[in-house]
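Reviewing the structure listed below.
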Amino acid sequence: MASDFISKTKRSHSCGALRASHIGEQVVLFGWVHNRRDHGGLIFIDLRDREGLTQIVFDPAVSREAHATAEALRAEWVFGIRGKVRSRGLQFSKKENKEVPATNPNLATGEIEVEVTEIQVFNKAETPPFEVSDHIDVSEERRLAFRYLDLRRPALQKVIMTRSKMNAATRSYFVDNGFLELETPFMGRYTPGGARNFLVPSRLNPGKFYALAESPQLYKQLFMVAGFDRYFQIVKCFRDEDLRLDRQPEFTQIDVEMSFVAQEDVFGIIEGLLKRLWKEVHGLDVPTPFKRLDFDESMRRYGNDKPDTRFGMEHTVLNGLIEKFGVEGGVAPMWETVQQKGLIKALVVSPVADGQHDPGVVKAKEEAFRRANPNPTAKVPPPPKELSRKEIEELEQYVMGMGAKGLARAKLAENGDWTQAPLFKNAKPELKAAILEATGAKPGDLILFQFGPEPKVHTIMANLRVHLAKKLWLIPEFGAGGKWNFLWVVNPPLFEYDEESKTWAAAHHAFTRPMDECLKYLDGPEQDLSKVYCYRYDVVLNGFEIGGGSIRLHDPAVQAKVFKAMGITEEDARSKFGFLLDALKFGAPPHGGIALGMDRLSFLITETESLRDVIPFPKTQKGTDLMTGAPGDVDEKQLRELYVKSAPPAK
RNA sequence: GGGGGGUUAGUUCAGCUGGUUAGAACGCCGGCCUGUCACGCCGGAGGUCAGGGGUUCAAGUCCCCUACCCCUCGCCA
């Protein structure tokens, strides 16, 4: 009986533990059939648990009974064995024409095997819908539907276990630094603004709803008011917004708040944490402090506030130049953009020199080619130096998908002519020369242009820049490529002008502290909301925002001015955040904090493709769970109990 | 809400300009095999071509609608 074996027999080792030093020992292993190789006489099985694989051998000369049982074993059956560790012995090598040790260098336990004397099958398994193996290709859809099988795959297990290690390291780091791990409610009051909330109807309060917390933001500030001084929490947050490869509706933050600190104190703590995590996971020493980049400069050079600084191709703003030449410059659409207070940006794509490609990408493409072309004399195509005309046309389709009207470009011939550049047909030679000067473009280069409304141009050019870097193998499709470029993006403006409503709105949450030297622009004779910068910061890694925070406004007087500037009446403010405003009146310490995206951190540190690879049970892009079928129907009675009526749109 | 890509055997894919019996690899089943390790060899089974509608003598292939998956803009810190 299975239970007998378990109750009488203790597991002695994991499947990743045994080494040559164990040879001769009696051991007991439990695990799953990972792979079987039946030679008729001998049967080899790779036994798998979360720690690794161990080859076990069934030899009829050792145990006829165990061998007979092993003949029936199939993939993913669960069983336990008792046996003796032995050396793998010798194997004839044709290459070396002699006997060599039969070790498997691919396995940590490759020096040994276990000769089975007793076996107990705990459970059979149906043939799984896909192999539990790292080397096979299965659609993510299938994998999500059978997530518990997918989670058996060693590569995915490793990622999930790394995440567990990160959680432990994070807790110990913060505790070591005097932080308290404090909990906050998930179910709170709905407050407008920011992300859309998931709502939970209240049965005890007909017609009322809780909102699931999009973050513990307000609560953690209350912890500071309450005097806890240093808070952290590894906490789930909920946002009912569209998903992306780096966005899930429920996700985990490392949430932090500190009293009596300035911006640099927060940076120091977070740099220390990230240093610790990279040391723990990769054994790497991440250099600190991280680089600091002004928000405005980031927008100018990269078009977004989370630049990937692993490669160049920075943007050049041409507004000044076009304005100087005026309509006589000969590029009417750009001149019009200047008139309409739009933005004109250029980006230079130079031929990629040998050795500038990402070595990982080169290697991966080579291997893929070798797999597809087994003939060893087949010549591997070289890495791309530049874009073909067809690829440039594809780029145009790509940017038009983001709402661009087209992709203006100029290919610089060796003789200095501008080709493929109808837009510059009538451009003054002096203007062209000035563009070359500003962008640094040389013969052989390709210059790409966007002009139009500022936010759109930024977005398109930012995405185009990354797209090109991947296309030209400057960075891998995913993963770090050996470069971990951490960066703080700092000093953003506090307000954002909203074209639609013609008002200034908070670009961040309403409790971000303006810089002292900007206070005079909040109101009075010098008022100019575009000049109000604030203590707000994002920490960025290789083009992903991994966290963001701010120093908070703890002074009710300044708070009142900010609300007024945003057109929020005292009444409004009271109804939205009355409890926090009250709290600030009772002696709030200066405080500030940050929240790091734990999922993003995990997926970057493990160099996986998507957040779904570091979340054990993730949602699809439509927010569904392919395994459980959530979200699902509920019956009328349940809805009635909650005083809720459901009215989905007719098909 | 918009743009792009996809859905063919259990899995990953091929299937040309519409043409008569829809293929491959892996997996699965059976047989053989005492040193394999993504074992090997021989044989076999396995298909609602996502669903619905249309065009046609004829549809996996062309057209329309729907569903689902992925990337992305908007949205989202």
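Basis for what follows: all heavy atoms, side chains included, without hydrogens, waters or symmetry-related copies. Each chain gets a letter, A, B and so on, in the order its sequence line appears, and its residues count up from 1.
One donor-acceptor pair, N or O on each side, does fall under 3.5 Å between the base of rG35(B) and the side chain of Arg86(A).
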**OP:** Starting at the 5' end of nucleotides 70-77 of chain B, put B wherever the base has a protein heavy atom under 4.0 Å, S where only the sugar-phosphate does, and a dash everywhere else.
**Re:** BBBBBBBB
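Contacts of Gln55(A) with the nucleic acid, taken as non-hydrogen atoms under 4.0 Å apart, include base atoms. Across all strands shown, Ser133(A) has no heavy atoms under 4.0 Å from either base or sugar-phosphate atoms. Residue Arg74(A) is classed as a sugar-phosphate contact, given heavy-atom separations below 4.0 Å to backbone atoms only.
Side-chain atoms of Gln253(A) and Ser215(A) form no donor-acceptor pair, as typed in the model, at a separation below 3.5 Å.
Salt-bridge check for Asp46(A) with Arg48(A): failed, with every basic side-chain N at 4.0 Å or more from each acidic carboxylate O.
Nucleotide rC68(B) forms a pair with rG6(B), judged by Watson-Crick or G-U wobble geometry with both contacts under 3.5 Å. Base pairing annotation: rU11(B) forms a Watson-Crick or G-U wobble pair with rA25(B), both donor-acceptor distances under 3.5 Å. If you check rG30(B) for Watson-Crick or wobble pairing at under 3.5 angstrom, you find it paired to rC42(B). rA77(B): no Watson-Crick or G-U partner with both key distances under 3.5 Å is found in any strand.
The distance from the CG atom of Leu53(A) to the CG atom of Leu47(A) is 8.5 Å, given to the nearest 0.5 Å. Here CZ of Arg50(A) is found 8.5 Å from OG of Ser14(A). Values are rounded to the nearest 0.5 Å. Rounding to the nearest 0.5 angstrom, the gap separating the CG atom in Leu448(A) from the CD1 atom in Ile392(A) is 7.5 Å.
Computed from coordinates, the Phe130(A) CZ to rC28(B) C1' distance equals 16 Å when rounded to whole Å. Rounded to a whole Å, the CD atom of Glu126(A) is 15 Å from the C1' atom of rG27(B). Separating the CD atom of Glu393(A) from the P atom of rG4(B) is a distance of 17 Å, rounded to the nearest angstrom. We find that CH2 of Trp77(A) is positioned 13 Å from P of rC28(B), with the value rounded to whole Å. Atom CG of Asp38(A) is separated from atom P of rA38(B) by 17 Å (rounded to the nearest Å). For the pair Asp137(A) CG and rG10(B) C1', the computed distance is 15 Å after rounding to whole Å. Regarding His135(A), its NE2 atom lies at a distance of 12 Å from the C1' atom of rA25(B), rounded to whole Å. In this structure, CG of Leu395(A) is placed 16 Å from C1' of rG3(B), rounded to the nearest angstrom.
Where Thr127(A) and Ser87(A) meet RNA chain B, the nucleotide closest to each residue was compared, and Thr127(A) sits on the side nearer the 5' end. Both Glu113(A) and Val138(A) lie near RNA chain B, and the one whose nearest nucleotide falls closer to the 5' end is Val138(A).
Taking atom P on both nucleotides, rG5(B) is separated from rC62(B) by 13 Å, rounded to a whole Å. Atom name P, nucleotides rC76(B) and rG60(B): the rounded distance is 46 Å, in whole Å. Taking atom P in both rA77(B) and rG2(B), the straight-line distance is 23 Å, to the nearest Å. rC29(B) and rG46(B) have their C1' atoms separated by 10 Å, with the value rounded to a whole Å. The same atom, C1', is picked in rG23(B) and in rC49(B); the two are 13 Å apart, to the nearest Å. Between rG53(B) and rU17(B), the distance separating the two P atoms is 27 Å to the nearest Å. The P atoms of rA45(B) and rA24(B) are separated by 12 Å, rounded to the nearest whole Å. rC16(B) and rC71(B): their C1' atoms are spaced 28 Å apart (whole Å).
Looking at the side chain of Thr624(A), the nearest of the listed nucleotides rG27(B), rC37(B), rC69(B) is rC69(B).
Ring geometry for Phe486(A) against Phe290(A) counts as parallel: the plane angle stays under 30°, on a 0 to 90° scale with 60° as the upper cut. Under the 30°/60° scheme for interplanar angles, the aromatic rings of Tyr398(A) and His467(A) are found to lie parallel.
Taking each heavy atom of Arg247(A) and Asp242(A) in turn, the nearest pair found is NH2-O, 2.7 Å.
Atom CD of Glu297(A) sits in a crowded spot, with more than 12 heavy atoms from other residues, nucleotides or ligands closer than 6.0 Å.
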